Amino acid sequence: MKKRESLLLSLSTSTLIVTGMINAPIHASNPKSTPQVCEVIDCNPTNSFRSTGVSKAGISYGSFVEVASNRTGASKNGETLSASKSLTYSNSVSGTVTSAYATISSAVGFNATASSTMTASYSLPLNKGQRGAIYARPKYQIYNVKLQRYWSGTVGCNFWKDAGTATVKQFIGFDYSTKVW
């Protein structure tokens, strides 16, 4: 009894698929048991992605920054400390798949890497002698986007394969905090 063996090579940039019979016994008395010729199919990832699902994953916040303060104290009751400051924040993409920006943006319905400048506006009433400060921090809606990547190669090697998940942070406004002393 002889055995026909095949060798499966592994390359870091592509996947090889071996078809046919591996380690199949050959019987001289049975011609139907003759092993098939193995065919190697070379598959490579393309730059084509598609979204297979989007889910909201909650809200997150950045760090507070001071946007206004009165360190000397209010001169009368009902004096208002007002904040009006332009701040720039960006949407961002992180996770296992971050290079598919167009697909990710299309899936969530906004530009996943755009920057926004908004004015943080807030008012804080103070009594005579009170000091105060107003703080603002960016508020983000978090989305998880599941992606697949298209693989292509020789005949028979065209398929979609799970590529991972991208996490998108969308800047949606400000959260405020105040301090009076």
Side-chain angles (χ1 to χ4, degrees), residues 1-65 86-120 136-175:
M1 180 183 335
K2 297 179 184 175
K3 289 189 177 184
R4 182 170 193 98
E5 296 184 14
S6 295
L7 176 64
L8 175 63
L9 299 174
S10 173
L11 301 175
S12 62
T13 58
S14 64
T15 302
L16 297 175
I17 300 172
V18 178
T19 60
M21 299 177 71
I22 300 172
N23 293 330
I26 299 172
H27 296 279
S29 62
N30 185 356
K32 291 183 179 180
S33 68
T34 304
Q36 302 170 359
V37 174
C38 292
E39 176 185 345
V40 178
I41 301 173
D42 186 17
C43 292
N44 296 296
T46 67
N47 287 325
S48 296
F49 291 89
R50 70 178 178 189
S51 168
T52 59
V54 176
S55 61
K56 284 187 176 181
I59 301 289
S60 74
Y61 299 91
S63 300
F64 277 111
V65 295
S86 290
L87 300 170
T88 301
Y89 292 98
S90 298
N91 299 337
S92 64
V93 178
S94 62
T96 56
V97 180
T98 58
S99 61
Y101 297 120
T103 302
I104 293 167
S105 293
S106 177
V108 294
F110 59 87
N111 185 327
T113 59
S115 295
S116 300
T117 299
M118 291 181 71
T119 301
R137 64 181 176 175
K139 183 177 181 180
Y140 299 95
Q141 176 66 58
I142 307 298
Y143 297 89
N144 288 326
V145 181
K146 292 182 181 179
L147 295 164
Q148 289 184 330
R149 184 177 216 164
Y150 191 68
W151 287 66
S152 183
T154 56
V155 177
C157 179
N158 296 300
F159 59 92
W160 290 97
K161 181 179 178 183
D162 287 342
T165 301
T167 300
V168 181
K169 288 173 56 174
Q170 179 190 23
F171 173 64
I172 57 173
F174 295 103
D175 180 49

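Just so it is clear, the model here is predicted, and its values are computed rather than measured. Basis for what follows: all heavy atoms, side chains included, without hydrogens, waters or symmetry-related copies.
Here S115 pairs with T88, S90 under the side-chain contact (heavy atoms from CB on, under 4.5 Å) rule; sequence neighbours left out. For the ring-ring contact (aromatic ring centres under 6.0 Å, His included) test, residues two or more places apart in sequence or in another chain that qualify with Y143 are F110. Partners of T119 under the side-chain contact (heavy atoms from CB on, under 4.5 Å) rule, at least two apart in sequence or in another chain, are S84, S86, S121. Taking the side chain to side chain donor-acceptor pair (under 3.5 Å) definition, one finds that T113 meets it with N111, sequence neighbours left out. S152 is linked by a side-chain contact (heavy atoms from CB on, under 4.5 Å) to T46, Y150, N158, counting only residues two or more places apart in sequence or in another chain.
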Donor-acceptor pairs are to be reported for all side-chain atoms of residues 55-65 against protein atoms at under 3.5 Å, with residues two or more places apart or in another chain.
none

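Shown here for A163 and F49, the closest heavy-atom pair between the two residues is CB-CE2, 4.2 Å. The shortest heavy-atom contact between C43 and F159 is SG-CE2, 3.9 Å. Summarising the geometry of D42 relative to C157, their closest heavy-atom pair is O-SG, 4.0 Å, with the distance given to 0.1 Å. A pairwise comparison of heavy atoms in N91 and A112 identifies CB-O, 3.3 Å as the closest pair.
T167 is listed as a side-chain neighbour of I142, based on a closest heavy-atom distance under 4.5 Å. Between V54 and K146 there is no side-chain heavy-atom pair separated by less than 4.5 Å. Looking at Y140 and Q170, their side chains never come closer than 4.5 Å, going by heavy atoms from C-beta outward.
Proximity of a side-chain donor or acceptor of S105 to a complementary backbone N or O of Y101 within less than 3.5 Å is detected. No donor-acceptor distance shorter than 3.5 angstrom exists from the side chain of S51 to the backbone of L147, with no hydrogens or angles considered.
When each of T52, T103, D162 is paired with Q148, the side-chain hydrogen bond (donor to acceptor under 3.5 Å, both in side chains) condition holds for D162 and for no other.
By the 4.0 Å N-to-carboxylate-O rule, D175 lies too far from K139 to be salt-bridged with it.
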Legend entry - side chain to side chain contact (heavy atoms under 4.5 Å, CB included) between T165 and V97, worked out: CA-CA 6 Å; T165 301; V97 180; over 6 Å; no
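In this pair, Y89 and F174 present their aromatic rings perpendicular. The plane angle is above 60°, beyond the 30 to 60° band.
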